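Every chain is numbered from 1, with letters handed out A, B, ... down the list of sequences. Computed from a predicted structure; not experimentally measured.
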Amino acid sequence: MKKKVSAVITEQTELAPHIYSLRLKTELAAYACPGQFIGIYPRDGSRLLMRPISICDADNEELRMVYRAGGKGTIEISSYKEGDTLDILGVLGNGYDINAVSGKKVLLLGGGIGIPPMLYAAKKLKSAGIDCNAVLGYADGNTFLKDDFESVCPTFVASMDGSVGTKGTVIDAINAEDLKGDAFFSCGPMPMLKAVKAYAAEHSMKAYISLEERMACGVGACLGCVVKTNETDGHTHVKNTRICTEGPVFEAEVVDI
Amino acid sequence: MKKKVSAVITEQTELAPHIYSLRLKTELAAYACPGQFIGIYPRDGSRLLMRPISICDADNEELRMVYRAGGKGTIEISSYKEGDTLDILGVLGNGYDINAVSGKKVLLLGGGIGIPPMLYAAKKLKSAGIDCNAVLGYADGNTFLKDDFESVCPTFVASMDGSVGTKGTVIDAINAEDLKGDAFFSCGPMPMLKAVKAYAAEHSMKAYISLEERMACGVGACLGCVVKTNETDGHTHVKNTRICTEGPVFEAEVVDI
Amino acid sequence: MNLSVNIAGVTLKNPVVTASGTFGSGFEYSEMTDLNKLGAVVTKGVANVPWEGNPTPRVAEVYGGMLNAIGLENPGVDVFIERDIPFLRKFDTRIIANVCGHSVEEYIETIEKLNETDVDMFEMNFSCPNVKQGAIAFGQDPHVLEATAKAVKAASKKPVIIKLSPNVTSIKDMALAAEAGGADAISLINTLIGMKIDINKRKFVLANKTGGFSGPAVKPVAVRMVYEASHAVKIPVIGMGGISDADDAIEFILAGATAVAVGTMNFIDPQTTAKVAAGIEAYMKKYNVEDIKELVGAVS
Amino acid sequence: MNLSVNIAGVTLKNPVVTASGTFGSGFEYSEMTDLNKLGAVVTKGVANVPWEGNPTPRVAEVYGGMLNAIGLENPGVDVFIERDIPFLRKFDTRIIANVCGHSVEEYIETIEKLNETDVDMFEMNFSCPNVKQGAIAFGQDPHVLEATAKAVKAASKKPVIIKLSPNVTSIKDMALAAEAGGADAISLINTLIGMKIDINKRKFVLANKTGGFSGPAVKPVAVRMVYEASHAVKIPVIGMGGISDADDAIEFILAGATAVAVGTMNFIDPQTTAKVAAGIEAYMKKYNVEDIKELVGAVS
Ligand SMILES: Cc1cc2nc3c(=O)[nH]c(=O)nc-3n(C[C@H](O)[C@H](O)[C@H](O)COP(=O)(O)OP(=O)(O)OC[C@H]3O[C@@H](n4cnc5c(N)ncnc54)[C@H](O)[C@@H]3O)c2cc1C
Ligand SMILES: Cc1cc2nc3c(=O)[nH]c(=O)nc-3n(C[C@H](O)[C@H](O)[C@H](O)COP(=O)(O)OP(=O)(O)OC[C@H]3O[C@@H](n4cnc5c(N)ncnc54)[C@H](O)[C@@H]3O)c2cc1C
Ligand SMILES: Cc1cc2nc3c(=O)[nH]c(=O)nc-3n(C[C@H](O)[C@H](O)[C@H](O)COP(=O)(O)O)c2cc1C
Ligand SMILES: Cc1cc2nc3c(=O)[nH]c(=O)nc-3n(C[C@H](O)[C@H](O)[C@H](O)COP(=O)(O)O)c2cc1C
Ligand code: FES
Ligand code: FES
């Protein structure tokens, strides 16, 4: 289900400095899978491209996104209030494949603003009866969404400044807590994803990672958002695959990061 | 006093279809003279130029403007509500010279969206003890601001469709009501201003008319808004004068319309 | 009321087409908009063999538009023929294949393969700013353009549209060169060349440094060039550059375009093309215009 | 921290100047912004005699910018010398006189009169798109540009900045031609050529049909051209085109501009120049940049 719709804001709250929780009432909510994303359009005519934001949670009526208001577009988006409307394009991309991990134990790794999509993944794993732990890497003590995770699955925390949980990265937390699993679901900055890929390879685990790239269309038409692949891609017929369409979630071995 | 300031909307009401009354709380109000205007900036980044709008009324704290929401910028401006802020540039231009008509009788002629500035002129004439009549030309029965005028001076109405007052133009109303005076203060569409100029010449009256032109700067810097003059202009040294700075109000004989 | 237009003998049911590279192969947007409502689908540039394109980042947002340096990534003409043409043929719309290449030989190789398919027309992209091996020269020198047009035209069994770059001193000279080279129509504008720098990282935002600039911000340049080009040549002009609604499209038609293409704005609203077509119809009704042709170049 | 820059031996206290034609003679904005805060005031184009300019409408709004076809109305160099220079001299800022003309002779006549005044530099506008009698050719052909530059330079007792038109195939060639002609600096971009049509009236919005396109919308083209030009020549570059804040200005400096000019955005906020200067200073503090020169061209 891909469509541009107008959605009503039902929540806009600042969870931590510059980190907002946004809920949108939209028919698209019913189609959301974990790891998928939507594009949110700024309204100002000087900023035309949609901002890709992952789905943090969904029920049949509402989508929840948690995002950082960092640049001009997301700052504009954060200025809108409950009752205002936003144009969105969704639901986009291929998310985490819950079926692929049935019967396995999954470690959910979220780093920074990569934490939000892990929440919906955790919920879907849980309702599919799949065992999972969440490992959340923060910069500091602003542990947004931690409570949400704790109500779903065992949750471990790392922080770069050591103010909560293990000092360091999610990998440090895995080691410190001696966490084991069969597969990673992971989203976060590129250095983290590279570390996750390496760790998984070393420990014979599967790693599913969510990638980011600048996007224009979000639907596979512009070829703006590709990532290099190790094999020729079925759609592009070159060693490039579209993050917005084939991804954003990939098996780590498939992509050349 | 010329300055760009942020002003708070204290009123935004639709007086007639697409005709809005806007009140702004701003320090600039104290400097406003009748016939002057302000520039109102749309907020959307795709529309950068200020919209020049005449001052319809002012006291020490508030400016009132009455404007038509016709194009994209004024439609955007009309979407803002009480409590919102608007950036404005003001006060701009040279208005009606009240001293020049002291002891004379003035006929105030407003046509369509040229009616609003006549209100502030009427008030200033009245408080200077100068006799005046207002003649307002409407398209139809939507006689916005008529009540405001009636509380200041004798007011006559013309309408193109004949639904109120004299059928026809303000000139038709002057003839029908046999109105006399020494000078016109006038604002309205170009055909009306030409008729006023001709009428004044024929009847040995003075005509002060307010002109419109596309503007960029509003302060005399860009030379976008000139009108041809009969003599070489003191500032430009050619036969052009700046409507935003030397005008918008001119003695009719000065300009080549 | 007649909205159909004729470009080199090919009838488009309405004057609204997609701009190459902004609509994929049509498939990507077919779920979100009705391709049957389009005058034609102009497909992403295709070459004789698959192209990898440029490194990422390939796109950037700029004020009122975007930059792209895709570098003409494409799966090659064979995949295009097998996969994309049969898909598009299911719809009641024309297919215009946009063709790219590094050399005249590559263009001709692609065209010769496409000659045997049922695409309706070719659009030759001699003007992509993101390809380094010389293609840009085709589009910025009138003599080279004319010679290349002649070679391509000789090899082609379908009408040939030549797409012009706006990054030239005289668009008129380029339009005349295309016409002299035998083009059946011209289309313009391709993207302006732009650049964006990240001041905090002190780096180019695009891996390619420069990129093609498109979107509403470029419209005034595009309208001016369509006006100049259409007044210089007798062949029809397809106008584009920043069209976001029917008003924009009508502006291009009044400037002299026989048809118009919607590019970047597809990304902002997948329904843009359909809305543009409907809006043109509404405008014609409002002003009692019987035939869209009455509007072409009707500005004074 | 050093914000001052040197252009052809003239020191500007900071790199922020006004763009010609957008700041009148300085007088018009002196009530609204402190001219002492500017690196220089670049005045409206002035000719040997008064010019009437074009019929109205002369300006139009477009998406993210504006069109103008003022047609270089100006009171002539004598009034400029008597009225405008003495006014500007009261401020602690440099005066750059922008000069226009229909012919080499006219340029030289104006320059010879200005030679005897205390303006600090000349900026030669060879690129105004709104003058029909040939001035445009000066700015669009490298050979003519070089020859004109030489003639002007020979007549001038002050440093000469040559202002380049962006409406060319190769900005590099034009920059090189200006340098070869003896220019002490170049400035760019002048306006792109644009057009706007009123679809309801089916008329050109500007009486002149086309107009110069400026404002934030043109910035990506301007940054790209400043980058290309500054990498081609050794003389300093003054960059402009759509600058609305310090971030934009820094983008031009990183692209290779030694100084920057604020144009259209003066109309939107008369304080823009002052804010840009303050913002550049803040950026330098944030990143511990001791001398603004370290930033010139510092992109990778
Ligand atoms: C699939 C996907 C999912 C994402 N999920 C989230 C999320 O859940 N929460 C969150 O806070 N952020 C998320 N991001 C990042 C988010 O898209 C960017 O932070 C945002 O687009 C920046 O916009 P801006 O207006 O703040 O910045 P600006 O500087 O105004 O952006 C300018 C342009 O660059 C693009 N851009 C800038 N940074 C990025 C980036 N990191 N990735 C992609 N495009 C970028 C913008 O979309 C815009 O087109 C996701 C990105 C992708 C690709
Ligand atoms: C001195 C002066 C006083 C004015 N006073 C009033 C007033 O009191 N009430 C009122 O309703 N209108 C007034 N106008 C007209 C008003 O400025 C325009 O209607 C308005 O700018 C149109 O903007 P828009 O966003 O609706 O149209 P758009 O089409 O979005 O405008 C595009 C551009 O054209 C300019 N423009 C369009 N029409 C005009 C016009 N008639 N005059 C000048 N610029 C125009 C806009 O300012 C803008 O830059 C006045 C104009 C001038 C010059
Ligand atoms: C992402 C992207 C890819 C493009 N790819 C091509 C292409 O392959 N071939 C081509 O001729 N033009 C290509 N273009 C140019 C467009 O077809 C069009 O000429 C230009 O974008 C101006 O129109 P617009 O402003 O409506 O986008 C591309 C444009 C964009 C934005
Ligand atoms: C109204 C107006 C008048 C201009 N007049 C001149 C001029 O007289 N001489 C000149 O060299 N450039 C002139 N320009 C061009 C500007 O100096 C500048 O090069 C251009 O506008 C790009 O900068 P901007 O986008 O910041 O406005 C004018 C621009 C505008 C908008
Ligand atoms: S964003 Fe266009 S293909 Fe992915
Ligand atoms: S609007 Fe600029 S001079 Fe009047």
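With rounding to the nearest 0.5 Å, the separation of CZ in A:R47 from OH in C:Y63 is 8.0 Å. Atoms CD1 and SG, from C:I268 and A:C217 in turn, are 10.0 Å apart once rounded to the nearest 0.5 Å. Once rounded to the nearest 0.5 Å, the distance linking CG of C:N54 with CG of A:N240 reads 10.0 Å. Taking CG from C:D269 and CG from A:L89, the interatomic distance works out to 9.0 Å, rounded to the nearest 0.5 Å.
There is no contact between C:N266 and chain A, counting heavy-atom distances below 4.5 Å. Contact annotation for A:K228: only side-chain heavy atoms (C-beta onward) come within less than 4.5 Å of a heavy atom of chain C. Both the backbone and the side chain of A:K2 come within contact range of chain C, judged by heavy atoms closer than 4.5 Å.
Contact check for C:T264 versus A:L48: no side-chain heavy atoms found under the 4.5 Å cut-off. In this structure, C:E61 and A:M50 have side chains that are not in contact, with every pair of non-hydrogen atoms separated by 4.5 Å or more. Here the side chains of C:P50 and A:V238 are in contact, with some heavy-atom distance below 4.5 Å. The side-chain heavy atoms of C:R83 and A:H235, taken from C-beta on, include a pair separated by under 4.5 Å. The closest side-chain heavy-atom distance from A:V219 to C:Y29 is below 4.5 Å.
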Q: Let me see the working for A:K3 and C:Q271 under side chain to side chain contact (heavy atoms under 4.5 Å, CB included), right down to the final yes or no.
A: CA-CA 10 Å; A:K3 208 170 166 182; C:Q271 295 281 351; over 6 Å; no
**Q.** Stepwise side chain to side chain contact (heavy atoms under 4.5 Å, CB included) test for C:T56 and A:R214
**A.** CA-CA 8 Å; C:T56 56; A:R214 307 269 159 157; over 6 Å; no
(Q) For A:K4 and C:M32: C-alpha separation, side-chain torsions, deciding distance, then whether side chain to side chain contact (heavy atoms under 4.5 Å, CB included) applies. (A) CA-CA 8 Å; A:K4 185 181 181 189; C:M32 286 172 279; over 6 Å; no
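Closest approach of C:F267 and A:Y41 over heavy atoms only: O-OH, 2.7 Å. Closest non-hydrogen pair, A:A216 versus C:M66, comes out as CB-CE, 3.7 Å.
Under a 3.5 Å cut-off, the side chain of C:R58 and the backbone N or O of A:L223 do form a donor-acceptor pair.
Residue A:E253 qualifies as enclosed at atom CD: its count of foreign heavy atoms under 6.0 Å is above 12. By the 6.0 Å contact criterion, OH on A:Y80 is enclosed, its count of non-hydrogen atoms from other residues, nucleotides or ligands being greater than 12. Other residues, nucleotides and ligands place no more than 12 heavy atoms under 6.0 Å from the NZ atom of C:K37. Counting non-hydrogen atoms of other residues, nucleotides and ligands closer than 6.0 Å to CZ of C:F27 gives a total of 12 or fewer.
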